Number of protein chains: 2
Amino acid sequence: MSVTIKDVAKRANVSPSTVSRVLSDSSKISEKTKRKVRKIMDEMGYHINLNARVLVQKSTQTIGIVMKHSASHSLHNPFFPEVLRGISAYCNKEDYSISLTTGESEESIFNEVVKMVQGQRVDGVIVLYSKKDDKVVPYLIDQNFPFVVIGKPLSETSKVMYVDNDNIQAAKEATEYLIKLKHQRISFIGDDPDFQVIQDRLNGYQEALRVHGLKGSDDYIKHFEYGTPNGVQVVEDLIHLPDPPTAMVISTDVNALVVMKELRNRNITIPKDISIVSFNNTIVSQLASPPMTSIDTQTYQLGYEASRCVIELIHDPKMFKRSLIIPTVIKIRESSQVNEGLKYV
Amino acid sequence: MSVTIKDVAKRANVSPSTVSRVLSDSSKISEKTKRKVRKIMDEMGYHINLNARVLVQKSTQTIGIVMKHSASHSLHNPFFPEVLRGISAYCNKEDYSISLTTGESEESIFNEVVKMVQGQRVDGVIVLYSKKDDKVVPYLIDQNFPFVVIGKPLSETSKVMYVDNDNIQAAKEATEYLIKLKHQRISFIGDDPDFQVIQDRLNGYQEALRVHGLKGSDDYIKHFEYGTPNGVQVVEDLIHLPDPPTAMVISTDVNALVVMKELRNRNITIPKDISIVSFNNTIVSQLASPPMTSIDTQTYQLGYEASRCVIELIHDPKMFKRSLIIPTVIKIRESSQVNEGLKYV
DNA sequence: TTGAAAGCGCTAACAG
DNA sequence: CTGTTAGCGCTTTCAA
């Protein structure tokens, strides 16, 4: 059995409450007693039982991270480690711990969240996605539990605090950048369109086309299906279009890497034949061949700020629910250039 | 205030212990009472306070993950998400939660571990690295706390359970594969040699050279320094050697990507001029251009088994401390080929 | 500045 | 099958 506050108290000839006060470095304990008690703590190898403290103080100093359905999915995307890094950094600063969901299905994740929240294992939650028909966010609102979502919530925006990029604007800029390079036939490749971030980027893309009087076509809009390696199909479809695209806006850099590989397999050169702009600017974009033009969403910052927000919210639950937009920056690299017209097939 | 077991008990006209028994679905409670109590729980929106339960049961059902110094470092390496995915999968199966360290320095990580362990916030720990002068593992041994390390511990191997690849063998095979392709001047590029995994791979590489009577040279052995983008320098040094290498064994695929990029910048073609074999076979290897020959370390499995090990250890602290070696498989892709001799510079 | 006592919400003998 | 009782290890009034 581990040594408790009582054991220390006995040995130090003080009461348990005194020991407790020393633990929290209370100002009403004399320096002398503090020293004495601390010495005994050391000698006895005392260490506080956090669960007991949590039980009475009702503060866990830990925040829960909700990943999107299937940890697998999240974890395959370099976006995730990068947000986590940001979250982690701020939590560390504030001495908060991190607890991760492990669920593989929406259902099981939801249950984990309920368990975290109701089981009082966390003080706040960061939701790493915003998705159609998601139950987590409505639940947290209903419980009036401190949380922040990374991404733009689909409804009740006034009730939720979020940290996001302006994805519409970012995609618009990406597309306009291509338009300035004289591209006229620009394709958009996303993934699961149930996620708001994909919708936003799609909208931004479409808006850019509209504003510049380019005819869009549904044939130019494709989505990777999660779990299926349908990159092949997507690329096939696009290049065999009567008027194949000369440029592509691709929702994440890993997806862009897949597309680039498929194009390469068909001897289509980037950027000569097709220009590519991707999102996230993770290490993958820089190291790809050719290096990708990518919209830097400042993922680390997204995580850092989200974490700052929840923690502030925990400290002041009635705080004004401001939301944050993290600016994006287009990093121009070699995967995009002025349209030369298609020379392939 | 949330509703407690007592509130439910009162409303259901039973004792708190009965409610508690219903919670754990005890076999000694009649179906009838169970139904009644559950109904009331629902009505009142009762949910267990896990902290209270943990306090008395002394089991948290959560395991702590210790990342190597600087989460940043870990998180930039696709190895990490992949182990985490494996850990997560098994934990989910066994209904365990995951708690991550957030520290950026060895010192602060060590303190977090102490806090987790002594504060009794976790039942077991998985250490994601094995490193020289590390204090975490000795501490856990000293505390006799259930833990597993991923990687080969440096000392007291009999006292620690670990899950690892045979990295010596794997590197030996990688090198022999290159030797079979007629390469004679093979370079090794690692990173922080304080990590055992790097040492092992280096040793395997050297052993292969020795066995096949190739003269090694320290000039062929390079290390990336963490945090510094010295990939440039490493590549510079190697290609300007009097007898530059025709093949490289590189400790991780992200590092390999960096090297490939630098070589490309110097118009050195892979695999024609230089063949490359990397480790980990993360998604990066497959999507690189050209796709990399990589040693698949089955990272997911590493995590999955580690997690199974700690959990078993938690259930039976006196269990036989067997350790696991996860087999590696070489995935041959296009970054390596028969040595054509150097044609560059 | 310190101590006594009550209690956080739950479980676990023990008794019936 | 169910209730009573006594804690788990800590914090927190209240009183001294």
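The analysis underlying the following values was restricted to heavy atoms, covering all of them including side chains, and did not include hydrogens, waters or symmetry mates. Because the structure is predicted, anything quoted here is derived from the model rather than measured. So you know, we letter chains A, B, ... as the sequences are listed, proteins then strands, and number each from 1.
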* Taking only residues two or more places apart in sequence, or in another chain, which ones meet Val8(B) in a side chain to side chain contact (heavy atoms under 4.5 Å, CB included)? ->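 Here the qualifying residues are Val3(B), Val19(B), Val37(B), Ile40(B), Met41(B), Met44(B), Tyr46(B).
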Could you list the residues that satisfy side chain to side chain contact (heavy atoms under 4.5 Å, CB included) with Gln57(A), not counting sequence neighbours?
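Listed in chain order: Arg53(A).
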- prompt: Got Gln118(B) and Gln143(B) here, is their nearest side-chain heavy-atom distance under 4.5 Å?
  reply: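 In contact.
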Lys68(A) to Phe195(A) six-membered ring, cation-pi geometry met (6.0 Å, 45°):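 Verdict for Phe195(A): a cation-pi partner in Lys68(A).
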_So, using side chain to side chain donor-acceptor pair (under 3.5 Å) as the criterion, who are the partners of Thr18(B) when residues are at least two apart?_
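Counting only residues at least two positions away or on another chain, Thr18(B) forms a side chain to side chain donor-acceptor pair (under 3.5 Å) with Ser15(B).
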- Task: Quick one: list whatever passes side chain to side chain donor-acceptor pair (under 3.5 Å) with Glu94(B), sequence neighbours left out.
- Result: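 Here no residue qualifies.
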Please tabulate, for side-chain N and O atoms in residues 144-158 of chain A, each donor-acceptor pair with protein atoms closer than 3.5 Å (sequence neighbours left out).
{"residue": "Lys152(A)", "atom": "NZ", "partner": "Asp200(A)", "partner atom": "OD2", "Å": "2.8"}
{"residue": "Glu156(A)", "atom": "OE1", "partner": "Lys159(A)", "partner atom": "NZ", "Å": "2.9"}

Please identify each residue that fulfils ring-ring contact (aromatic ring centres under 6.0 Å, His included) with [X], with sequence neighbours left out.
X: Tyr300(B); result: none
X: Phe110(A); result: Tyr139(A)
X: Tyr304(A); result: Tyr90(A)

[X] [atom1] - [N] [atom2] separation (whole Å):
X: Asp25(B); N: dC1(D); atom1: CG; atom2: C1'; value: 14 Å
X: Lys10(A); N: dT2(C); atom1: NZ; atom2: C1'; value: 18 Å
X: Gln118(B); N: dC10(D); atom1: CD; atom2: C1'; value: 16 Å
X: Gln57(A); N: dC10(D); atom1: CD; atom2: P; value: 12 Å
X: Asn13(A); N: dG3(C); atom1: CG; atom2: P; value: 9 Å
X: Leu55(A); N: dC8(C); atom1: CG; atom2: C1'; value: 4 Å
X: Lys58(B); N: dG7(D); atom1: NZ; atom2: C1'; value: 10 Å
X: Ile5(A); N: dA4(C); atom1: CD1; atom2: C1'; value: 15 Å

Hey, can you pull the residues of residues 31-53 of chain B with a non-hydrogen atom under 4.0 angstrom from DNA chain D?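 Under 4.0 Å from DNA chain D: Thr33(B).
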Please classify the nucleic acid contact of [X] as base, sugar-phosphate, or nothing, using heavy-atom distances under 4.0 Å.
X: Ile29(A); value: sugar-phosphate
X: Val14(A); value: sugar-phosphate
X: Asp7(A); value: nothing
X: Ser20(A); value: base

Residue-phosphate contact under 4.0 Å: [X] side-chain N/O, [N] OP1/OP2:
X: Thr18(A); N: dG3(C); result: yes
X: Ser15(A); N: dG3(C); result: yes
X: Ser30(B); N: dT2(D); result: yes

Pairs under 3.5 angstrom, nitrogen or oxygen only, protein versus nucleotides 13-16 of chain C, please.
{"residue": "dA13(C)", "atom": "N6", "partner": "Arg21(B)", "partner atom": "NH2", "Å": "2.9"}

task = Check Arg121(A) against Asn51(A) and note the closest heavy-atom contact, atom names and distance.
result =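 Nearest heavy atoms, Arg121(A) then Asn51(A): NH1-OD1, 3.7 Å.
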Got a list of side-chain donor-acceptor pairs under 3.5 Å for residues 308-319 of chain A, not counting sequence neighbours?
{"residue": "Arg308(A)", "atom": "NE", "partner": "Glu305(A)", "partner atom": "OE1", "Å": "3.0"}
{"residue": "Glu312(A)", "atom": "OE1", "partner": "Arg322(A)", "partner atom": "NH2", "Å": "2.8"}
{"residue": "Asp316(A)", "atom": "OD1", "partner": "Lys318(A)", "partner atom": "N", "Å": "3.2"}
{"residue": "Asp316(A)", "atom": "OD1", "partner": "Met319(A)", "partner atom": "N", "Å": "3.4"}

- Describe, as an angle rounded to 10 degrees, how the axis at the first end of the helix from dT1(C)-dA16(D) to dG16(C)-dC1(D) is tilted relative to the axis at the last end, five pairs per end.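 The two end axes of the helix from dT1(C)-dA16(D) to dG16(C)-dC1(D) meet at 30°.
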